[in-house]
Amino acid sequence: MLRIFYSEGILSCKSANLVKIYKSFCGFSHNSWTQNSMFVDRGQILGVDYDATDYISRLRECTFKKSIGEVKRIHYEMKSSGFDYLSFGNKLIDAYLKCGGIDEARNVFDEMPRRHIVTWNSLISAYIHSHRNEEALELYQKMLPEGVIPDEFTFSSVLKVFLNMGLPHEGRKAHGRLICLGLEVKNVFVGSALVNMYSSFGNLKNARLVLDQIVQKDVVLFTSLIVGCTQNGEDSEALEVFVNMINEGIKANEFTVASVLIASGNLAALCTGKVIHGMMIKFGFESVVASQTSLLTMYSKCGMADDSMKVFSQVVNPNLVTWTAVIAGLVQNSREAHALEMFCRMIRSSVNPNAFTISTVLRACSGLTALQEGNQIHAHTIKTGLDVSRFVVSALLDFYGKCGTIEMAKCIFDSLNEPDIVSINSMIYGYAQNGLGHEAIGLFDQITDWGLQPNETSFVCVLSACTNCGLLEEGKRIFSFLCSNSICGPTRDHYACMIDLLGRAGRLKEAEHLITQVKQPDLVLWRTLLSACKIHGDVEITKRAEKVVRENELVDEGTCVLISNIYASTGNWHEADKMKALMRQMKFKKGPGLSRVEVKWEKHNLVAGQESCLR
DNA sequence: GTAGGGTTAG
């Protein structure tokens, strides 16, 4: 073994020169020596070692082959031959990490007396990619006490830890440290990580401030903010940021396009969506699966189910997400039967559903009250273990509640160790739909026992239960609780429930008074009141409601039919005729009423005016 | 030798 160490005196020597000196000394040919086998740190040559050449080239081979076993063998050889392998610990760690041996890498790391910043960063990054946030944080917190100052590489990855662990305060502290180190505005990688962290914590203002300060902005930085906006429901702002990016001369890529398509879909902005579709074609992202998925979602959210299907038909290899997106799009557009067909096609093409897919397909079953299909899907979730997913649970509760098999819903609900608020809401709504008002109220009152708070939906569900079961006093109690607490104010839906409850109970004047408390009452509220007028034959309030609805140009087909029916049922034929004339004038045509039932696993549509095949 | 952004669901 030939070993030469240089420490003092030669540090100012250029590494290339040293290589030349070394080569001439050993008589090596030009190709047999690489700089990798020298102890070089930031341009300073600490030493060279003959054996290292061999070890390093073998380690490099392992990283290509991803063979952790081979890395372990080399590690053992280095150690047992008495070789100073810890001086090459960074190479060994690098090889271990590239082969997925994170714990082995950590062991080497812990043995090393001095570690290079790159080694720290590599290990932190590997921990984050393996979702081992606690260990990444522990390492980051050890850096300063060990005299290692985190750099821009450290921050660009470690900020994600604060996000993943829900530590906004720590994230802000790290941002402060970045400012102290003067790294804040210089590095666009750090900028994107900060934008991502702030927007995921719901702090769009800070995300925007960070973006504005970055000197050399790039497409990733802008995309981070666009995504942040869409995830915080600020879709218009997402589109504004996109326009700013284009104006700054930065070209969109497939990531950006996918994000702005989501924003367009959420806004149901078909024209914008089409422009972006055009850009997709122009830039050549037309065949990127994720972009295609966003595109078809945009079309379905804009109500263009056929266009969505057309996009889907052009996807060469639809993945699970694409299949789920197209199924969800069909459900959103009330094409549940088609959605189930597509689900079957998905299964036939050997794509296995996940919790997203199952909850979507269960929604289709709920819409069709397709008990048999839903049961099959439930069985599938038990077999595959997907039944523990909270999304699947709430979809199952909705499904069984909707199909009238409330015992099944209760059975699932009771089996939950820790129900979340969405499952509880689904169960309350299930009770509401099945006329079990007291059970619904009982469960609502129990929410705080689980250490949870009722949310907006909880109130809608429990008030619906009161309405369906005619529980006026209980409904009033819950509504006044809603108005007095600070969890959420009454929304339009809450008013609608309350107006419905009062109206059905014959308290029409109180219901009418409640509408006047709403800032801009919409047609849903007026129709709720009118429905109550129909039950109780109240022509006086009908006339007042009709006047407001027509003055505010809120009137639609269903409302006209409702008003006309109220007049007809109370013998006000003249008023009823006037309403029908208005409908003709507005070219409204009433479609036949339709009910769907399932008898002995057979589905039947019962259409008003048509003879039924059911006897 | 180490770093940042995208597709589906209640």
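Just so you know, these numbers come straight off a predicted model, no measurement behind them.
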Contacts under 3.5 angstrom, residues 137-144 of chain A side chains, donor-acceptor by atom type, not counting sequence neighbours:
| from | atom 1 | to | atom 2 | distance (Å) |
| --- | --- | --- | --- | --- |
| A/Glu138 | OE2 | A/Arg106 | NH2 | 3.0 |
| A/Glu138 | OE2 | A/Lys142 | NZ | 3.4 |
| A/Tyr140 | OH | A/Arg177 | NH1 | 3.1 |

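Take A/Lys173 and apply the salt bridge (charged side-chain N to carboxylate O under 4.0 Å, His left out) test, not counting sequence neighbours, and it matches A/Glu170. Under the rule for a salt bridge (charged side-chain N to carboxylate O under 4.0 Å, His left out), A/Lys160 has no partner lying at least two apart in sequence or in another chain. Residues forming a salt bridge (charged side-chain N to carboxylate O under 4.0 Å, His left out) with A/Glu248 (at least two apart in sequence, or on another chain): none. Among residues two or more places apart in sequence or in another chain, the ring-ring contact (aromatic ring centres under 6.0 Å, His included) test is passed with A/Tyr127 by none.
For the pair A/Asn455 CG and B/dG10 C1', the computed distance is 11 Å after rounding to whole Å. Rounded to an integer number of Å, the gap from A/Leu330 CG to B/dA9 P is 13 Å. Rounded to whole Å, atom C1' of B/dA9 lies 6 Å from atom CZ of A/Phe356. B/dG10 atom C1' lies 11 Å from atom CG of A/Leu362, rounded to whole Å.
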With B for base contact, S for sugar-phosphate-only contact and - for none (protein heavy atoms under 4.0 Å), nucleotides 2-7 of chain B reads BBBBBB
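At a threshold of 4.0 Å, the pair A/Lys402-A/Asp398 does not count as salt-bridged, since none of the basic side-chain nitrogens sits closer than that to a carboxylate oxygen.
For the OP1/OP2 pair of B/dT8 and a distance below 4.0 Å, the side-chain nitrogens and oxygens of A/Gln332 include no atom meeting the criterion. At B/dG10, one or more side-chain N or O atoms of A/Arg363 fall inside 4.0 Å of OP1 or OP2 (strictly under the cut-off).
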